[in-house]
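One structure is given here, and the rest of the page talks about it.
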Amino acid sequence: MSVPLLQLKDLQVCYGSRVALDVPELAVSEHETLAVIGPNGAGKTTLLHALALLLPKVDRGALLFRGKPLDYKHDGLAYRRRVAVVFQEPLLCDASVYDNVALGLRFRGRSRAEILDRANLWLERLGIEHLRRCSSRTLSGGEAQRVSLARAFAVEPEVLLLDEPFSALDAPTRAQLVDDLRGLLSSARTTTVFVTHHRGEALMLGDRIVVLAEGRVQQMDEPSRVFTAPINEAVANIVGMEMIVPATILGQRDGMLQVQVNDHTVSVVSGEIPWVEGEPALVCLRPEDIHFACVAGNDRAGPPAQSPGESWNRLTGRIAGITPLGGQFRVKVDCGFPLVALVNRPLFLEGFLKVGNEADVHFRADAAHLIRRHERTSG
Amino acid sequence: MMFHNREVWAITWLTLEVTFAATLLSLILGIPLGTWLALTAFPGRKFLMALVNTGMGLPPVVVGLFVCLMLWRSGPLGSLHLIYTPTAIVIAQFVIACPIITGLTVSAIEQLNPRLRLQLLGLGASRSQLLWTLWREARLPLLAAVMAGYGGVISEVGASMMVGGNVRGHTRVLTTATVLETSKGNFAAAMALGMLLLLLAFIVNGMLTHLQQRRSPS
């Protein structure tokens, strides 16, 4: 196996008595984009600082570049000239856009001609050529972040480290910039570590995803695996499994696991984990996977278009809450446990969507994901 | 007018020499010291900051007294024979201006986004490139610090009088000369010297303001 470009080994960083980061092993291969996702305070920024060799002191462990351990004091400058970091805020200097983009190249002592070439190239690639003479103070948030990205790309780093670069931007600006970044990363093939708390960004940009919570790596895998098969409750939460319901395994039937959830028995396509009868589990579901139909004694409200066959679970409950989201509504249905479905506007306009009405909810057996439930010792 | 032109020129020139030297020395020490204080966390930093802040308000006469005591012929530095020389004035003015420049540098650097430092390091800045860029970013408040330091020394009279002695043709500067002429009742001469002093303050501060307010060229 080839040596990973970047590697953290047995790293521990504490702030006071709190362990901010504890990573036994994390490797970034050349040309890959590693997305790091986690809630606030999970240690994402600390991880990025560790990868940028910006932590003066770690409590334990080391950062390896092409297999060679790095020392903050001795290798700091040389290493940081191989990488480029982009932070959440653009952190531009009070100078023109061009001077900002040229900054990293000037630090590296490149020739005037080379600086001009490279800065122009990246100004153009990020679509901010027309702003080159503008003062950085006059830029909008999105423009400033483009300058910050151009400044990082312009040094053509071996590793690009991005710390939630889009989280301060409005949704359309962010979407456009994520799209552009995806294009740039796939053409430049720069090894990238991208920290975010936005799962959509992680899914779009990451070749692999690291889920971080409470300073520890919870799961590290391909995006599709992390999103469909989170290994624990923390990951399930982060990747958008909004419903995490305690359940008990009943047994196998027709190649599917039968699971007891409150008074209901639901079928779940068993994953890779072997289960035994009577074992406690958690059933994880996304609102996107819950189909909703009103009953309320009205003939017009039938089941969803695809008729729920063998592999569908059908539960009945009462509408417990409705939250408008614009084009859609989040509808909470109480089936003995809460299920949340996303419901389109027409159903609402037809007048069926009322708190207290009876409703049918369906979900496919393969939409539900099972994870182990560790019984908490109750006091 | 009781002054010869030549003498007025000499006084003006000496004033400029002394204040420039004192300001320059204060900058050389005060800006790095202030930057270090702003960027470094260490035990005793608060105490040092309190000292600097007190120093910003040092009464010139007290400074004059202490520098006098140090430089007096029988004092610890008496063997250097500096008392009643222009160098003595420079020393006293340095003691007055240095804390002002240090203190204002601390606040100038502290005003910068603390994450800017990480960003610059993350872009491959060496230590000196980092400092240079931070100073560039803080150039407005730093030039204000220079102006405050220069203003503190050019207008200062008590310490210059005490350690310089207002010796004619040797340590007489515009402020001490103005005091002398006023005390003798030569208001016209005092007025002329005062105007000259104002002019010097204005020219230098005008240049610094121009530098400060210049928009960065692109």
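Order of the sequence lines sets the chain letters (A, B, ...), proteins ahead of strands, with each chain counted from 1.
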### Query
Would you call A:Asp94-B:Arg139 a salt bridge at under 4.0 Å N-O?
yes

### Task
Using a heavy-atom cutoff of under 4.5 Å, enumerate the residues of residues 51-64 of chain B that contact chain A, numbered in order, or state 'none'.
none

#### Entry: Positions in residues 12-21 of chain B that reach chain A, provided some heavy atom is under 4.5 Å away
none

### Query
In terms of heavy-atom contacts, does CZ of A:Arg60 have more than 12 from other residues, nucleotides or ligands at under 6.0 Å?
yes

### Query
Can any side-chain N or O of A:Arg81 pair as donor or acceptor with the backbone N or O of B:Gly124 at less than 3.5 Å?
yes

### Query
Within a radius of less than 6.0 Å around CZ of B:Phe47, do more than 12 heavy atoms belonging to other residues, nucleotides or ligands occur?
no

### Task
Can you tell which part of A:Arg151 gets under 4.5 Å to a heavy atom of chain B, answering side chain, backbone, both or neither?
both

#### Entry: Where B:Leu123 and A:Arg108 come nearest, the two heavy atoms and their spacing
O-NH1, 2.5 Å

### Task
Measure distances from A:Pro90 to the heavy atoms of chain B and classify the residue's part below 4.5 Å as side chain, backbone, both or neither.
backbone

### Query
Taking only heavy atoms into account, what residues of residues 107-120 of chain B are found under 4.5 Å from chain A?
B:Asn113, B:Arg115, B:Leu116, B:Leu118, B:Gln119, B:Leu120

### Query
Around A:His130, counting heavy atoms of other residues, nucleotides and ligands shown, do more than 12 lie under 6.0 Å from its NE2?
yes

### Summary
Looking only at A:Leu91, A:Val155, A:Leu105, the option with the highest number of non-hydrogen pairs under 4.5 Å against chain B is A:Leu91

### Query
In terms of heavy-atom contacts, does CZ of B:Phe202 have more than 12 from other residues, nucleotides or ligands at under 6.0 Å?
no

#### Entry: Part of A:Tyr98 lying under 4.5 Å from any heavy atom of chain B
neither

### Message
Need one label for B:Gln129: side chain, backbone, both or neither, based on atoms under 4.5 Å from any heavy atom in chain A.
### Response
both

### Task
Measure the NE2-CG distance between A:His49 and B:Leu121 for me, rounded to the nearest 0.5 Å.
10.5 Å

### Message
Quick check on the interface: out of A:Cys93, A:Gly104, A:Ala84, who has the most heavy-atom pairs with chain B under 4.5 Å?
### Response
A:Cys93

### Message
Less than 4.5 Å to any heavy atom of chain B: does that hold for the side chain of A:Leu54, its backbone, both, or neither?
### Response
both

### Message
Less than 4.5 Å to any heavy atom of chain B: does that hold for the side chain of A:Leu92, its backbone, both, or neither?
### Response
backbone

### Heavy-atom side-chain proximity of B:Thr133 to A:Phe107 below 4.5 angstrom
yes

#### Entry: Residues in residues 22-39 of chain B near chain A [non-hydrogen atoms, under 4.5 Å]
none

